[in-house]
Amino acid sequence: MRTWFDEMKLGERVELGSHHFTAEDIVRFASSFDPQPFHLTEEGAAATHFGRLCASGWHTASAFMRRLILTMQELDAETIARGETPVERGPSPGFENLKWIKPVFAGDTITYASVVIAKDDIPQRPDWGVLRGRNEGTNQNGELVFSFESKVYLRRRPQQA
């Protein structure tokens, strides 16, 4: 996989791996960050339109972020093993169109991926670009459950002298 801004191709897809959502993890996350009844107990969830325990959307997004970072660390390690310098990634200037499309229930496994949808030059920083991606999570049934569009600053490959 290419990692430098100028080497990334529109439509390039990066598989990020999967995360299994257990009831215990859902409750632990919700207790700390999103204590709504349908994230805390089966009984609380049964009284809502969800009908059973489901993960917070923020938990789903956090699992995406973990898979993304682990994948980038693996790519960097492979790059170093080849004797090359890993790409420098900058911060994200934000995201758009976050959607929690279907609930993620206890026992679901979500597989995450990111697809390059656009590349923006930065005239005032010619050694950097903004990479935009469509990020998705699908459950074990192949159903899209989560999506958003991201932006990240990514360095261009340095020119050889």
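All residue numbers in this chain count up from 1 along the given sequence.
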Regarding Asp127 and Arg157, does a basic nitrogen lie under 4.0 Å from an acidic carboxylate oxygen?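 No, Asp127 and Arg157 are not salt-bridged.
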Under 4.0 Å between a Lys/Arg side-chain N and an Asp/Glu carboxylate O for Lys151 and Glu96?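 Salt bridge: yes.
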Shortest non-hydrogen contact from [X] toward [Y]:
{"X": "Thr71", "Y": "Val14", "value": "CG2-CG1, 4.1 Å"}
{"X": "Ser147", "Y": "Ile101", "value": "OG-CD1, 3.7 Å"}
{"X": "Phe21", "Y": "Ala63", "value": "CZ-CB, 3.8 Å"}
{"X": "Cys54", "Y": "Phe105", "value": "CB-CD2, 3.8 Å"}
{"X": "Gly57", "Y": "Trp100", "value": "O-NE1, 3.0 Å"}
{"X": "Asp34", "Y": "Ser56", "value": "OD2-OG, 2.7 Å"}

Does the side chain of [X] reach to within under 4.5 Å of the side chain of [Y], using non-hydrogen atoms?
{"X": "Trp4", "Y": "Val87", "result": "yes"}
{"X": "Glu149", "Y": "Asn135", "result": "no"}
{"X": "Asp120", "Y": "Arg132", "result": "yes"}
{"X": "Val145", "Y": "Pro103", "result": "no"}
{"X": "Arg52", "Y": "Glu42", "result": "yes"}
{"X": "Val104", "Y": "Asn139", "result": "no"}

Going hydrophobic residue to hydrophobic residue with side-chain gaps under 4.5 angstrom, can you get from [X] over to [Y]?
{"X": "Phe95", "Y": "Met72", "result": "yes"}
{"X": "Tyr112", "Y": "Ile69", "result": "yes"}
{"X": "Ile117", "Y": "Leu10", "result": "no"}
{"X": "Phe33", "Y": "Phe64", "result": "yes"}
{"X": "Leu131", "Y": "Trp128", "result": "no"}

Nearest 0.5 angstrom please: [X] [atom1] to [Y] [atom2], how far?
{"X": "Glu7", "Y": "Glu12", "atom1": "CD", "atom2": "CD", "answer": "9.5 Å"}
{"X": "Ile122", "Y": "Leu154", "atom1": "CD1", "atom2": "CG", "answer": "9.5 Å"}
{"X": "Leu98", "Y": "Ser150", "atom1": "CG", "atom2": "OG", "answer": "11.5 Å"}
{"X": "Thr138", "Y": "Phe146", "atom1": "OG1", "atom2": "CZ", "answer": "11.5 Å"}
{"X": "Ile110", "Y": "Arg67", "atom1": "CD1", "atom2": "CZ", "answer": "13.5 Å"}
{"X": "Ile26", "Y": "Thr41", "atom1": "CD1", "atom2": "OG1", "answer": "12.0 Å"}

Examine the side chains of Thr79 and Asp76 and answer whether a donor and an acceptor come within less than 3.5 Å of each other.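 No, no side-chain donor-acceptor pair sits under 3.5 Å.
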Do Asp108 and Gln140 pair up side chain to side chain, a donor and an acceptor below 3.5 Å, judged on atom types alone?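 A pair is found: one side chain offers a donor N or O, the other an acceptor, under 3.5 Å apart.
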What do you reckon, is OH of Tyr153 surrounded by more than 12 foreign heavy atoms closer than 6.0 Å?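 It does not: Tyr153 OH has 12 such atoms or fewer within range.
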Inspect the surroundings of NZ in Lys119 and state if more than 12 heavy atoms from other residues, nucleotides or ligands are less than 6.0 Å away.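 Atom NZ in Lys119 is crowded, with more than 12 foreign heavy atoms closer than 6.0 Å.
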Is the NZ or CZ atom of Lys99 both under 6.0 Å from the centre of the six-membered ring of Phe148 and within 45° of that ring's axis?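 Here Lys99 fails the 6.0 Å and 45° test against Phe148.
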Apply side chain to side chain contact (heavy atoms under 4.5 Å, CB included) to residues Val152 and Phe5 and explain how you reach the verdict. CA-CA 10 Å; Val152 66; Phe5 176 80; over 6 Å; no
Does the plane of the ring in Phe29 sit parallel, tilted or perpendicular to the ring in His59? Use 30° and 60° as the thresholds.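 If you compare the ring of Phe29 with that of His59, the planes turn out parallel.
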